[in-house]
There are 2 protein chains.
Amino acid sequence: MTDNEEALVLLIEDEAQIRRFLRAALGAHGYRLVESTTGEDGLVQAATRLPDLVIVDLGLPDLDGVDVIRKLREWASVPIIVLSARGQERDKITALDAGADDYVSKPFGVGELLARMRVALRHASSAKEPDQPTFTVGDLKVDLAHRKVFTGDKEVHLTPIEFKLLTTLVRYAGKVLTHRQLLKEVWGPPYADQAHYLRVYMAQLRRKLEADPARPRYFLTEPGVGYRLASE
Amino acid sequence: MTDNEEALVLLIEDEAQIRRFLRAALGAHGYRLVESTTGEDGLVQAATRLPDLVIVDLGLPDLDGVDVIRKLREWASVPIIVLSARGQERDKITALDAGADDYVSKPFGVGELLARMRVALRHASSAKEPDQPTFTVGDLKVDLAHRKVFTGDKEVHLTPIEFKLLTTLVRYAGKVLTHRQLLKEVWGPPYADQAHYLRVYMAQLRRKLEADPARPRYFLTEPGVGYRLASE
DNA sequence: CTGATGTGTCAAAAAAACGTAAAGAGGGTG
DNA sequence: CACCCTCTTTACGTTTTTTTGACACATCAG
C-alpha cells in the first residue's frame with residue numbers, strides 16, 4: 001500500500017540456495033538485505049544493523065532458531081518471520097510463543113512470503129509513532145511531520161518553496177550552505193546560478209519568521225558564501 | 001499460555017461444524033466468543049461488539065471474505081485472522097494485502113490457531129489502542145464504524161468516494177496529505193496525477209460539511225502541496 | 001570619490017494552482 | 001425504459017505562488 005520499500009531485511013539462513021533465491025526476490029522488490037548464515041552472527045547483525053524485519057530459519061547449524069528468537073526478543077521488537085522446513089504444529093507454536101510474528105513453512109511461495117512481510121512491516125510502522133521530528137531554535141519551531149511552522153505560538157503559513165528552503169536550512173542547521181547548494185537543493189540543478197531567487201526568498205522567510213527582519217537572529221548571511229540557520 | 005484470556009473474539013464462519021469446534025476450543029481457553037454466519041452480520045457484530053480479534057472464513061455465503069476484511073479495515077484496526085479452505089497463494093496474498101493479519105488454511109490445528117491468535121492479540125495490546133471508531137473536530141463528527149457523518153447533530157449523506165476521501169483525511173488528521181497520496185489512496189495508483197478529481201471532491205465535501213464552504217474550517221488547502229484535515 | 005559587486009526590499013507581471021458550477025456518461029433499480 | 005444517483009470531465013473565473021525587474025544600500029578597491 002504505502003511505499004514501505006527499501007526496508008532493511010535481515011535474513012538468517014544457512015542454506016545457500018534459499019539465500020540466493022530470496023536475495024533475488026527481495027532485491028527485485030526494492031528491499032535491502034543483510035544475510036547471516038548462523039544464529040550467532042544473526043544476533044550480532046541484528047544488533048548492529050537494526051533491520052526493519054528479520055527472517056529466520058529454524059534449522060540453523062549453531063543455535064536453535066527458537067533461541068535466536070528469544071535472544072532477539074530480549075531487546076528488539078522488530079518483526080520476526082520464521083522460515084522452516086519443519087511443518088510440525090509443535091514447532092510453530094513454540095516459535096510463535098517465543099516471539100515470532102509469523103511462521104512460513106517450506107516450500108513456500110515468494111508471493112505469500114512477500115505478502116506476509118508487508119503485513120509485518122505494516123504492523124511495525126503503525127506501532128512506532130512516537131517519532132516527532134520537530135526542530136527548534138529560539139522561538140522558531142518547525143514541525144516536519146505536520147508541515148507546520150511556528151514563531152512563538154503563532155502558526156505561520158509558508159509557500160512550498162519557502163518551506164523547502166527552510167527545511168533544507170534546518171537539515172544543515174548551524175552549517176553554512178552555499179548559494180549553489182541551496183539553489184540546487186530547492187529549485188533543482190538548472191537553477192544553480194539564479195542567486196537572485198535566494199535573496200528574494202530569504203527576505204520572505206525573514207519577513208515571516210524574524211522578529212526584526214532587518215536584524216536576523218535565525219537566518220544569517222555569510223557574505224560571499226551563502227546562508228546559515230542558527231542553531232542554539 | 002499467557003493470560004491474554006477473556007479477550008472477545010468474533011468468529012465469522014458459516015460452517016456449523018467449525019463453529020462448534022472453535023466454540024469448544026476457544027471456550028476452553030477462556031475466550032469469549034461472538035458468532036456470525038454471514039459477512040453482513042459479521043460487520044454489524046464487529047461494529048456493535050467491538051471485538052479484540054476477528055476470525056473470518058473466506059468462503060461465506062453472502063459477501064466475499066476479502067470484502068469483509070476491506071469493509072472492516074475502513075474503520076477498525078482490530079486484528080483479523082483469515083480461516084480458509086482455499087489454500088491458493090493468490091487468495092492468501094489478496095487477503096493479507098486487504099488488511100488481514102494472518103491466514104490459516106483448513107484443515108488447521110487448534111494449537112496453531114491459538115498460537116497465532118496470541119500473536120495477533122500481542123500485537124494489538126502492544127500497539128497503543130486509542131482506537132475510537134469515531135473522529136471529531138469542532139462540530140464535525142465522523143463515525144467510522146457506522147459509516148455516518150454529522151455536522152452538529154444533522155446527519156449528512158456522502159457518496160462512496162466522498163466518504164473514502166474523508167476517512168483518509170481523518171486517518172492522518174492534522175497532517176498534510178499530498179495530492180498524489182490522496183489520489184493513490186482513494187482512487188488507486190493509476191489516478192495519481194488526476195489532481196482534478198481532488199478539487200471537485202474537496203469542493204463537494206466542503207459544500208456538504210463546512211458552514212462556509214468558501215472559508216473552510218476543517219478542510220484546509222495547502223497550495224501546491226495538498227490538503228489537511230484540521231485536528232482539535 | 002567613484003564604480004563594481006553583493007545584498008536586501010518592493011511590487012508588478014506571469015504562471016500555476018485552486019474552487020465552482022454544470023453538463024455528460026454510466027450503472028443500477030423500480 | 002425512465003429515473004436517480006454517482007462519477008467523470010470540461011470550462012472559466014479567482015486566488016496564490018513564482019518569477020522578474022527596478023532600485024536602494026552597503027562594502028570595498030582603486
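Just so we're on the same page: letters track the sequence lines, and every chain starts at 1.
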Inset, instruction - Give a yes/no on whether any side-chain N or O of B:Arg199 is located under 4.0 angstrom from OP1 or OP2 of C:dG19. - result: no
Inset, instruction - To the nearest Å, give me how far apart CE (B:Met202) and P (D:dT14) are. - result: 23 Å
Legend entry - Test of ring centre spacing under 6.0 Å for B:Phe135 and B:Trp75: no
Legend entry - Nearest-angstrom distance from the residue atom CZ of A:Phe163 to P of D:dT18: 13 Å
Legend entry - Nucleotide nearest B:His196 (side chain, heavy atoms from C-beta), chosen from D:dA11, C:dT7, D:dC7: D:dA11
Legend entry - Below 4.0 Å: OP1/OP2 of C:dA17 and any side-chain N or O of B:His179: no
Inset, instruction - For B:Asp62 and B:Glu40, indicate whether the former's side chain and the latter's backbone hold a donor-acceptor pair under 3.5 Å. - result: yes
Legend entry - Length of the CZ-C1' vector between B:Phe219 and C:dT20, whole Å: 17 Å
Legend entry - Short side-chain N/O contact from B:Tyr227 to OP1 or OP2 of C:dG19, under 4.0 Å: yes
Inset, instruction - Tell me whether the OP1 or OP2 atom of C:dG8 has a side-chain N or O from A:Tyr201 closer than 4.0 Å. - result: no
Inset, instruction - Using heavy atoms to find the nearest nucleotide of DNA chain D for B:Val200 and B:Leu158 separately, return the residue whose nucleotide is more 5′. - result: B:Leu158
Inset, instruction - Starting at atom NZ of A:Lys208, determine the distance to atom P of C:dG8, rounded to an integer number of angstrom. - result: 18 Å
Inset, instruction - Check whether any side-chain nitrogen or oxygen of B:Thr221 sits under 4.0 Å from OP1 or OP2 of D:dT16, and answer yes or no. - result: no
Legend entry - Whole angstrom value for the distance that separates C1' of D:dC4 from NE2 of B:His157: 11 Å
Inset, instruction - Could you state the atom-to-atom distance from CG of A:Leu205 to C1' of C:dG8 in whole Å? - result: 14 Å
Inset, instruction - Please tell me which of the listed nucleotides, C:dC10, D:dT17, C:dT9, lies nearest to the side chain of A:Ala214? - result: C:dT9
Legend entry - Position toward the 5' end of DNA chain D (nearest nucleotide), B:Glu162 or A:Gln194: B:Glu162
Inset, instruction - Examine C:dG8: is either OP1 or OP2 under 4.0 Å from a nitrogen or oxygen in the side chain of A:Arg206? Give yes or no. - result: yes
Legend entry - B:Trp187 vs D:dC7: side-chain N/O to OP1/OP2 distance below 4.0 Å: no
Inset, instruction - Consider the side chain of A:Pro223, meaning its heavy atoms from C-beta on, and name the nucleotide among D:dC7, D:dT17, C:dT7 that approaches it most closely. - result: C:dT7
Legend entry - Step-by-step salt bridge (charged side-chain N to carboxylate O under 4.0 Å, His left out) determination, B:Arg32 to B:Glu6: CA-CA 6 Å; B:Arg32 290 176 299 139; B:Glu6 77 178 35; 6.0 Å; no
Inset, instruction - Indicate yes or no: does B:Glu15 engage B:Arg19 in a salt bridge with an N to O separation below 4.0 Å. - result: no
Legend entry - B:Arg20/B:Gln17 under side-chain hydrogen bond (donor to acceptor under 3.5 Å, both in side chains): CA gap, chis, key distance, verdict: CA-CA 5 Å; B:Arg20 202 162 45 238; B:Gln17 191 180 345; 5.9 Å; no
Inset, instruction - Figure out the CG/P separation between B:Asp212 and C:dG19, and round it to whole Å. - result: 13 Å
Legend entry - B:Tyr197 OH to D:dT10 C1', straight-line distance once rounded to whole Å: 12 Å
